[in-house]
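For reference, the structure is listed below as C-alpha cells.
By convention in this document, chain letters (A, B, ...) are assigned in the order of the sequence lines, proteins followed by strands, and residues within each chain are numbered from 1.
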Protein chains: 2
Amino acid sequence: MLNELAPIELIAILAAVTDNQPRVMTLRGGEALPSGPFESSHRSLQSGLRAWIEAQTGHPVGYLEQLYTFADKDRDPRSEYAAASQRISIGYLGLVREQDAAGAGHPAWHSWYQYFPWEDHRNRSPEQLPRITKRLIVWAGDDPMRIQRVDYLFGLNGKAWNEELVLQRYELMYEAGLVDGAEFGRPMASDNRRILATGISRLRAKIKYSPVVFELMPESFTLLQLQRTVEALSGLHLHKPNFRRQIDQQELVEETSEVSSGASGRPARLFRYRPAILEARMLSGARLPLSRS
Amino acid sequence: MLNELAPIELIAILAAVTDNQPRVMTLRGGEALPSGPFESSHRSLQSGLRAWIEAQTGHPVGYLEQLYTFADKDRDPRSEYAAASQRISIGYLGLVREQDAAGAGHPAWHSWYQYFPWEDHRNRSPEQLPRITKRLIVWAGDDPMRIQRVDYLFGLNGKAWNEELVLQRYELMYEAGLVDGAEFGRPMASDNRRILATGISRLRAKIKYSPVVFELMPESFTLLQLQRTVEALSGLHLHKPNFRRQIDQQELVEETSEVSSGASGRPARLFRYRPAILEARMLSGARLPLSRS
DNA sequence: TTCGATGTACTCGATTCGAGTATAAATGGA
DNA sequence: TCCATTTATACTCGAATCGAGTACATCGAA
C-alpha cells in the first residue's frame with residue numbers, strides 16, 4: 001500500500017503570564033497557534049519546533065514539553081482534510097517570560113480566558129457560566145450519563161469544580177454544540193482551540209506537582225507575585241497564608257536581600273527560585289497548594 | 001525542501017497481570033514490541049494500532065492510551081536511521097486481561113521485570129540493585145549534579161524510593177553505560193526497552209489517581225487479588241488494612257454475593273468494579289493507596 | 001495621621017495516612 | 001480431632017497535611 005501521508009505538523013502552545021493574565025502566543029489575529037511542518041533538516045522534533053517559533057514570533061523559548069499527537073480523524077471530523085489525506089500534528093507546550101514579539105505572521109499575546117471565559121474562577125463565577133450550564137442541562141435531557149458528566153465537569157449538584165478538566169469541558173461543550181460560533185469564547189482556526197485546551201489542562205495539572213511555574217517568573221519576585229501567577233494559571237483564588245506556608249515548607253525559594261519597590265502597600269521581600277534544588281524537585285515532585293479562596 | 005519522511009510507526013506496550021506478575025506482550029522472542037506503520041487506510045491512529053496488534057498477536061485490546069511520540073534523534077543516537085531519514089514512532093499503552101496469543105511474529109508474554117529487574121521491590125530490594133548503585137556512584141564521581149540524581153532516583157542517602165521514575169532511572173543507567181549488554185536486565189531491539197520504560201512509568205503514575213487497574217482485573221475478584229495486582233504494577237509491597245480501607249472509602253467496588261473458592265485459607269468475598277461510577281471517577285480522580293510494607 | 005493595601009505570624013479542627021494490633025473463618029495435615 | 005497456617009476483616013493511634021480563619025505589622029499616599 002502506498003503511503004500518501006501529508007507532512008507532519010509541529011504546533012506550539014506558548015504560554016506566559018503578565019499583568020496577572022495567562023497569555024498564549026497567537027498568529028493571524030489571534031486565530032492560530034504557531035506551527036510548521038517537521039522537515040528532514042530538523043535535528044529533532046523539539047528543535048524543529050523551536051525553529052518555527054523563532055521564525056514566526058521572534059520569541060526565544062526555554063521550557064518545551066510534548067503534549068499530544070493528533071491525527072485528523074481524532075481531531076475535527078468536519079475538517080476538509082478528513083476524507084483526503086491523514087495529517088498528523090504533534091502539539092508542544094512552551095513556557096516563556098513574556099516579551100514583545102516580532103516575526104512573520106503577526107504574533108500577538110492574548111489572554112487565554114478570551115478563548116475560555118468560563119475557566120476563570122478567580123473572582124466569583126464567570127458570567128457566562130450560568131448560561132452555559134443551562135444549555136448543557138437542556139442538552140443532557142434525562143440521559144443519566146450525560147447528566148453525570150455535566151455535573152462532574154461543571155461542579156453542579158454539590159460536585160466540586162475541578163480546574164484541570166479544561167479539555168473535557170471543552171469537548172462536552174463541543175458535543176453539545178456550544179462552541180461552533182462565537183457565542184461562548186473566541187473561536188480559532190480548525191482545531192487549534194482544542195489543542196489550546198489540552199495545553200491548559202496539562203499546565204494546570206503540572207503546576208501542582210512540578211516547579212514549572214518558575215519558568216514563567218522573572219529572576220526575582222515577591223511571594224504575592226508568585227501566588228498571582230499560580231492563580232492566573234489555575235483560574236482559582238488561593239488562600240494567602242496557606243500558600244506561603246507551603247512555599248517555605250517546600251524550600252523552593254530563597255530570599256534575596258532586596259525588597260520590592262514602586263507598588264503601594266508594605267514592600268515585600270524578593271525571592272528567587274533555588275537553583276540547587278531544581279533537578280531534585282523536577283524528579284520527586286514539588287507540590288503547590290491549590291486551596292480555594 | 002523535499003520531505004523524505006519515513007512512514008510513521010505505531011508501537012504498543014500491551015500490559016497484563018497474571019500470577020502476580022506484570023507482563024508485556026512481545027514479538028520475536030521477547031526482543032520487540034508490537035508495531036506497524038500508520039497507513040492511509042487507517043481511520044485513526046488508535047484504530048491503526050489496533051489492527052496491527054490484532055494481526056501480530058491475535059489479542060483483542062480494550063483500553064488504549066497515547067504515551068509519547070518519539071523521533072529518531074530523540075531516541076537512540078546510535079541507531080542506523082539517525083543519519084538517514086527521520087522516523088517517527090507514536091507509542092501507546094494498552095491494558096488487557098491476559099489470554100493466549102497467536103498471531104504473526106511469535107507473540108509471547110514476558111514479565112516486565114525481566115527487562116527491569118531493579119524495579120521489583122515487593123520483597124526486599126532486588127539483588128542487582130547494590131551492584132547497580134555501586135557502578136552509578138563510581139560513574140557520578142564527585143560531580144554534585146550526578147550524585148544528586150543518583151541519590152534521588154535510586155533512593156540513596158535517606159531519599160525515598162519513588163517507583164514512578166522508571167524511565168528516568170533507565171536513562172541514567174543508559175548515560176552511565178549500564179544497559180548496553182545483558183548484564184542488567186534483558187535487552188530489546190533498538191530503543192524498545194526505553195519505550196517500555198515510558199509505559200511502565202505512566203502506568204505506575206496513573207494507577208494512583210485513575211481506576212485503570214480494573215482494566216486488568218477479571219469480572220469479579222477478591223480484594224487481595226486487587227492488591228496483588230497493584231503491587232505487581234508498582235513493584236511495592238502494600239499494607240493490607242490500609243489498602244482495604246481506601247478501596248471501600250472510595251466506593252470503587254461493590255460486593256457480589258459469591259465468595260472465592262479453591263485457594264487455601266478463609267474464602268474471600270468477591271467484588272466487582274462499580275460500573276455506574278466509571279465515568280465519574282475517570283474524570284475526577286480515584287486514588288489508590290501506595291503505602292509501603 | 002488615618003486609610004488602604006500588602007506582608008507575616010499564629011491557631012484550630014477535619015481529614016488523611018502510615019503503621020501496628022487483634023480477631024474471625026476457613027483449609028489441611030498430624 | 002485439633003492445631004498450625006493462611007487468609008479475611010475490624011479497630012486503634014499518632015503524625016502530617018490541609019482548609020479556613022484571625023490577628024497583627026509595615027509601608028505609601030491622601
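B:Gln246 places its CD atom 15 Å from the P atom of C:dT15, with the value rounded to the nearest Å. The separation between A:Asp248 atom CG and D:dC18 atom P is 13 Å, rounded to whole Å. Distance, B:Gln227 CD to C:dG18 P: 13 Å, rounded to whole Å. The CG-P distance, from B:Asn242 to D:dA16, rounds to 16 Å in whole Å. Here C:dA9 presents its P atom at 15 Å from CD1 of A:Ile247, a figure rounded to the nearest Å. Separating the CG atom of B:Leu238 from the C1' atom of C:dA19 is a distance of 13 Å, rounded to the nearest angstrom. Taking atom CZ of A:Phe243 as the reference point, atom P of D:dT17 lies 17 Å away to the nearest angstrom. At whole-Å resolution of the value, CG in B:Leu270 and C1' in D:dT9 are 16 Å apart.
Between the A:Arg272 side chain and the A:Val253 main chain, no donor and acceptor come within less than 3.5 Å of each other. Side chain of A:Thr222 to main chain of A:Leu270: no donor-acceptor pair is present (N/O by atom type, distance under 3.5 Å, no hydrogens or angles). At least one donor-acceptor pair closer than 3.5 Å links the side chain of A:Ser201 to the backbone N or O of A:Glu164.
Considering only side-chain atoms of A:Lys240, the nucleotide from D:dT9, D:dC18, C:dG7 that sits closest is C:dG7. Among the nucleotides C:dA19, D:dA20, D:dA8, the one closest to any side-chain atom of B:His239 is C:dA19. Distances from the side chain of B:Arg244 to the nucleotides C:dA19, C:dG7, D:dA8 place D:dA8 closest.
B:Leu224 comes within 4.0 angstrom of sugar-phosphate atoms only, judged by non-hydrogen atoms across all strands, and of no base.
Nearest-nucleotide positions on DNA chain D place B:Leu223 closer to the 5' end than the other of A:Pro241 and B:Leu223. Taking for each of A:Arg245 and A:Arg269 the nucleotide of DNA chain C with the nearest heavy atom, the 5'-most of the two is the partner of A:Arg269.
Between B:Arg204 and B:Glu163, none of the side-chain N atoms (NZ, or NE/NH1/NH2) sits under 4.0 Å from a carboxylate O, so this pair counts as no salt bridge.
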Checklist entry - Should A:Arg149 and A:Glu171 be marked as a salt bridge (Lys or Arg N to Asp or Glu O under 4.0 Å) after you check the CA-CA gap, both sets of side-chain angles, and the distance that decides it? => result CA-CA 11 Å; A:Arg149 273 178 80 199; A:Glu171 289 186 329; over 6 Å; no

